[in-house]
Trainee: 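One structure follows; several queries about it will come next.
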Amino acid sequence: MPHAPRSDHGIPRRRFLGTTLGGAVAAGLAGAVLPAGAAHADTAVAVSADGITLTANTDGSVSVRDGGGVERVRITQFMAKDSVIGIQRTTGGTPSLITLDDGRPAIQVEYTLPAAAQGITVRGRFDVTAHRAHLRWDVGGPATLVPAGFMFGRTVLAPSAPESFVALTAWNRDAGGGIPYETNDGVVYQETWADTRAYFRLAATTPAWTNATWIHAPGTAATGGAAVDADLVLGSVRPAAAGAMGVRRPLGVEVWTDRPFSLWDGGGLPMALHAEVANGGTTTRDVRLTWWARDFDGRVLGSGTVDGTVAPGAALTRTFTVTSPARGIVFTEVTATAGADEAFARTNLTVLPPHTYRAGADSMFGIANYPWLLKPDTPSVLSLMRRLGIQRVRISYDGGPGLPPATLDAAGIHHNIELAGIPLDGTAAEVAAWADTNTQKAIGSGADWFEVANEVNKPWMSGQTAAAYVRDGLRPVHDRLTAAGAPTKVLNAGLAGMDHVWTEKFRDAGGWDLIDGFAFHPGRGNFTPDYAPSPQEWTQGANGTYWNFLGGLRKAREVIAEYGTKELWLTEAYACTKPNSWWHDTYRHAAENVLLSLALAKAEGVSCVNWYQLHDSVLGKPQMADPANPEYHYGLMNRDTSAKPSMLAYATAAQVLDEATFTRWLDLPDPELKGLLFSTPDGPVSILWSRKDGYVLNADHPGDSGWFAAPEPWVDGWLTKTELSVAAAGGTVRELDCLGRERQLTARGGRVQLRLDGAPRVYYGLTGAPDARGHRWA
């Protein structure tokens, strides 16, 4: 477990040293630069604070030592980029001591560059506070500088583990109400030794551009050029604490567990939640930690308050424990306060018992996009996927993001491939090159299905690209697969929404005969999944009723019946949880809608649903918070890889519908009560819900700004509860909510009383005809 860094209470926290090694303390230098005429030091110079010493060597490199004098890191070179002369690296530098405006000493390095740099200048400035160094490079030069491409070099001495990247976030409470959300709070590159850690903290970076020599450190515009600011924190703290210390924030809080995905296997177990509060300020603080844990019904499972004292540049760790439920989710929050300063963090703890799935390759349950965030590691991610019932991955190929085909094969998870970039209206050579390359990639991946491109039907309902898509993409792929004798089946490019106008043009261009399955993406706005307006009623636009689930499914089945039998695939399906957005799902609605969407897909004969996606994040920006971007919020899991309620709902659907066969819609006496009946190896299963509160979600949102105060996930927003008496097959009936939490209902006189609202619930133990004559209203 991480521990607070050595406090050394006998040493004044504001101690600083500025020396030329073997010389006197530098003094009398005003400002952040040397005064005119000041001489540069001919020897190495150093500055120190508690737990850290920087030494600038005569070649311009800067050594970083910990409080015990052990060199941990060396800052080597700086790389500037210019759109005309390209990349220019420093070749050396001359160090000197300067005095900052606040009186502290600092190191300045005037870097040398090759003649090819054509006037680009680089000056470094490095200062220290307790356990922290601030690193700054000022780059001068022409207007053609490209600050987005700047980097600095570093060497890590004898680490015990590879460098790792961590995106940092800060939790925010919306001033207008609603649920809290995360925003970006910079990033860190973590260096690890057996006895301590170091963190390079930056406001932003592209981790794919960082390598063993260089850290990508984009600059910001400054007078006469651009500047890069970074921080280096030394100490046995966690990443969020290092981030707070790096920017000298008064308080920072991080919460975590020791379990992958904060997932437990069953009830009655201690669930330990760890919290670390960091003091990024300059004085010792008395800190109060307040915590709570609630379940999906809002019951408080644990809470409390503890006090502690945290020195500057240090952190305090505490552990809080609750007992796990049999199944479900536990929402947690830890808040740190010190005087007027406050910080807080949230995460979810989950209980999902192991389950054996039996459908195998016949399963409907898949995942879209790549499961590319392989944290904590690949075996853990594969284990989670199997636990959830994920039997198919939409995209997998060697060299692609995420899990390669061989890894999925070994885990017993099936895989397809989707490849985009068709050169619509391109030359014959361009078309042939794309088809040759991507058909071979699909065959080589061993994919069961090749989805030929993605969402090419733009503008929606225009049909504009259909003929070109068939000519330049689908037909060349079909012909090459046929010539190769490949067993790979073909899906059209999954359509954005059920675009029947495009589909008709596609059929007219000969595309229908070239596919084995028809794919589309039933995007959904603030409507329940069973909202099914006829296509004649669909309105267009970003917030139009075109984006509905069941209506699109029914139109797809109608098209298949008319054009010729094909498998029906939903290669992306959604329950977006963008915070405080009326068009998107609340966290509670999302879980309910995941279960109902999957049940409706099974009822409508869908072969496979690839849920989009496994975790909140955007490829290329791993775990960087992006609250305003809907694309970021489609995951079954949160940014920190803890579960959303949606993840449990997916697993519930996968377990209930694993080997289920749809029987029929139930014919209940009230048209606002809905139900689906399935046959399963465990007997008949009914899924029941009510629409007495309507099909529109978040209907009370103010205006069209997009914002509304979303309720917390433990708040049940369904106002109307309806009692229904139905026939039971035995003395007890099992009721499952969307999370799979079970409740035993007792039947009396062959009947059981149900309480329905807008949330779908699963029932085992009803008769095979629960809607038969004789059910009673209470």
Side-chain angles (χ1 to χ4, degrees), residues 173-174 176-181 292 294-300 328-331 333 346 348 524-531 543 545 547-550 574-600 627 630 633-634 636 638 643-650 652-653 670 672-675 687-724 735-741 743 754-762:
R173 304 192 196 276
D174 197 304
I179 59 171
Y181 57 91
W292 52 254
R294 304 172 191 266
D295 68 8
F296 198 59
D297 300 316
R299 287 188 292 263
V300 176
I329 195 163
V330 179
F331 307 102
E333 179 178 296
R346 287 187 169 191
N348 298 338
R524 179 179 54 76
N526 66 324
F527 315 113
T528 62
D530 55 323
Y531 177 58
N543 297 336
T545 57
W547 303 109
N548 72 84
F549 188 85
L550 183 56
Y574 315 91
C576 179
T577 57
K578 181 183 176 185
N580 303 319
S581 169
W582 65 262
W583 178 247
H584 301 97
D585 286 354
T586 66
Y587 283 97
R588 191 177 190 91
H589 283 155
E592 296 166 352
N593 293 337
V594 168
L595 173 59
L596 186 53
S597 296
L598 291 166
L600 291 169
H633 298 282
Y634 284 108
L636 295 173
N638 294 305
K644 296 181 183 177
S646 297
M647 191 182 90
L648 280 171
Y650 182 100
T652 299
D670 186 331
E672 292 180 322
L673 299 181
K674 311 293 180 181
I687 301 179
L688 299 172
W689 67 97
S690 166
R691 282 294 167 250
K692 289 187 177 292
D693 290 330
Y695 293 86
V696 179
L697 304 170
N698 313 325
D700 57 347
H701 67 86
D704 293 322
S705 67
W707 178 92
F708 101 114
E712 294 281 13
W714 53 83
V715 176
D716 177 9
W718 299 112
L719 301 178
T720 306
K721 313 294 181 181
T722 302
E723 303 288 335
L724 178 65
E735 177 190 75
L736 307 182
D737 69 1
C738 62
L739 304 187
R741 299 183 304 168
R743 191 166 69 108
L754 308 182
R755 194 175 194 226
L756 303 183
D757 59 21
R761 293 178 176 84
V762 179

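Values below: all heavy atoms of this structure, side chains included; hydrogens, waters and symmetry mates excluded. Everything numeric in this text was worked out from a predicted model, so none of it was measured.
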Trainee: Of all the heavy-atom pairs spanning G176 and A709, show the shortest one and how long it is.
Mentor: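 Taking every non-hydrogen atom into account, O-CB, 4.2 Å.
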
Trainee: Is the shortest side-chain heavy-atom distance between P627 and K578 below 4.5 Å?
Mentor: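 The answer is no, as the side chains (C-beta and beyond) never meet within the 4.5 Å cut-off.
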
Trainee: Side chains of V594 and L648: does their closest heavy-atom pair fall under 4.5 Å?
Mentor: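 Counting from C-beta outward, V594 and L648 never come under 4.5 Å.
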
Trainee: Looking only at non-hydrogen atoms, find the nearest pair between T652 and D737 and report the distance.
Mentor: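 T652 and D737 have their closest heavy atoms at CG2-O, 4.0 Å.
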
Trainee: Using the test salt bridge (charged side-chain N to carboxylate O under 4.0 Å, His left out), find all partners of R294 that sit at least two apart in sequence or belong to another chain.
Mentor: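 With sequence neighbours excluded, R294 shows a salt bridge (charged side-chain N to carboxylate O under 4.0 Å, His left out) to no residue whatsoever.
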
Trainee: Would you call D670 and K692 a salt bridge, using N to O less than 4.0 angstrom?
Mentor: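 Result for this pair is yes, salt bridge flagged.
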
Trainee: Would you name the heavy atoms of R761 and A759 that are closest together and state the gap between them?
Mentor: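 Closest approach of R761 to A759, heavy atoms only: NH1-O, 3.3 Å.
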
Trainee: When you measure from the side chain of N593 to the backbone of A575, do you find a donor-acceptor pair of N or O atoms at a distance under 3.5 Å?
Mentor: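 Looks like no, no N/O pair under 3.5 Å.
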
Trainee: Holding to salt bridge (charged side-chain N to carboxylate O under 4.0 Å, His left out), I want the full list of residues that pass it with D716, two or more places apart in sequence or in another chain.
Mentor: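 For D716 the salt bridge (charged side-chain N to carboxylate O under 4.0 Å, His left out) partners, ignoring immediate neighbours, are K721.
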
Trainee: Give the ring-plane orientation class for Y695 versus Y531, where under 30° counts as parallel, over 60° as perpendicular and anything between as tilted.
Mentor: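 Correct class here is tilted.
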
Trainee: Test your reading of the model: is there a side-chain donor-acceptor pair from N698 to the backbone of H701, 3.5 Å cut-off?
Mentor: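 Between the backbone of H701 and the side chain of N698 there is no qualifying donor-acceptor contact (under 3.5 Å).
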
Trainee: Is N580 reaching over with its side chain to a backbone N or O of A710, donor-acceptor style, under 3.5 angstrom?
Mentor: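 Checked: pair present.
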
Trainee: Quick check: closest heavy atoms across L596 and P760, and the distance to 0.1 Å?
Mentor: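 Minimum heavy-atom separation between L596 and P760: CB-CG, 4.0 Å.
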
Trainee: Between CG of L688 and CD of E735, what distance do you get to the nearest 0.5 Å?
Mentor: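 Here the rounded value is 9.5 Å.
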
Trainee: Validate the cation-pi geometry between R588 and F296: distance from NZ or CZ to the six-membered ring centre under 6.0 Å, angle to the ring axis within 45°.
Mentor: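 Yes.
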
Trainee: Could you measure the distance from the CZ atom of F708 to the CG atom of D174? Nearest 0.5 Å is fine.
Mentor: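 These two atoms lie 11.5 Å from each other.
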
Trainee: Under 3.5 Å, is there a donor-acceptor pair between the side chain of S646 and the main chain of L636?
Mentor: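 Pair absent, no side-chain N/O of S646 close to backbone of L636.
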
Trainee: So how far is it from L754 CG to D757 CG, rounded to the nearest 0.5 Å?
Mentor: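 So the CG of L754 and the CG of D757 are separated by 11.5 Å.
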
Trainee: Under the side-chain contact (heavy atoms from CB on, under 4.5 Å) rule, what do K644 and T577 come out as? Steps first, then yes or no, please.
Mentor: CA-CA 9 Å; K644 296 181 183 177; T577 57; 2.7 Å; yes

Trainee: Yes or no on side chain to side chain donor-acceptor pair (under 3.5 Å) for S690 and K674, after CA distance, side-chain angles and deciding distance?
Mentor: CA-CA 6 Å; S690 166; K674 311 293 180 181; over 6 Å; no

Trainee: Answer yes when E712 and R173 have at least one side-chain N-carboxylate O distance shorter than 4.0 Å, and no when they do not.
Mentor: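 Between R173 and E712 there is no salt bridge, as every charged N stays at least 4.0 Å from the carboxylate O atoms.
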
Trainee: Taking the side chain as everything from C-beta on, heavy atoms only, tell me whether P579 gets closer than 4.5 Å to H633.
Mentor: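 Sidechains of H633 and P579: in contact.
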
Trainee: Less than 4.0 Å between a side-chain N and a carboxylate O, is that true for E672 and R691?
Mentor: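 No, R691 and E672 are not salt-bridged.
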
Trainee: Report yes if some heavy atom in the side chain of W714 is under 4.5 Å from a heavy atom in the side chain of F331; otherwise report no.
Mentor: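 When only atoms from C-beta onward are counted, F331 and W714 do touch, with a gap below 4.5 Å.
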
Trainee: Compare all side-chain heavy atoms of E592 with those of L697 and state whether any distance is below 4.5 angstrom.
Mentor: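 No - every pair of side-chain heavy atoms lies 4.5 Å or more apart.
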
Trainee: I'd like to know if the side chain of D295 reaches the main chain of G328, judged simply by a donor and an acceptor atom lying under 3.5 Å from each other, with no hydrogens or angles considered.
Mentor: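 No, because the side chain of D295 does not come within donor-acceptor range (under 3.5 Å) of the backbone of G328.
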
Trainee: Less than 4.5 Å apart, any side-chain heavy atom of S597 and any of Y574?
Mentor: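 S597 vs Y574: side chains apart.
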
Trainee: Rounded at 0.5 Å granularity, tell me how far CG in N543 sits from CG in N526.
Mentor: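 If I round to the nearest 0.5 Å, the distance is 8.0 Å.
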
Trainee: With rounding to the nearest 0.5 angstrom, report the CZ to CD distance, R346 to E333.
Mentor: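 R346 atom CZ to E333 atom CD measures 4.5 Å (nearest 0.5 Å).
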
Trainee: For a quick test of reading the model, state the closest non-hydrogen atom pair linking N638 to A643 and the distance between them.
Mentor: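 Minimum heavy-atom separation between N638 and A643: ND2-O, 3.3 Å.
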
Trainee: Anything under 30° is parallel, anything over 60° is perpendicular, the rest tilted; go ahead and classify W583 against F527.
Mentor: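 Aromatic pair W583/F527 classed perpendicular.
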
Trainee: Of D530, T528, T722, which meets side-chain hydrogen bond (donor to acceptor under 3.5 Å, both in side chains) against W689?
Mentor: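 The option that passes is D530.
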
Trainee: To the nearest 0.5 Å, what is the distance between CG (L739) and CG (D297)?
Mentor: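 With rounding to 0.5 Å, CG (L739) is 8.5 Å from CG (D297).
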
Trainee: Given side chains that start at C-beta, do those of C576 and D585 come closer than 4.5 Å, heavy atoms only?
Mentor: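 Of all side-chain heavy-atom pairs linking D585 with C576, none is under 4.5 Å.
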
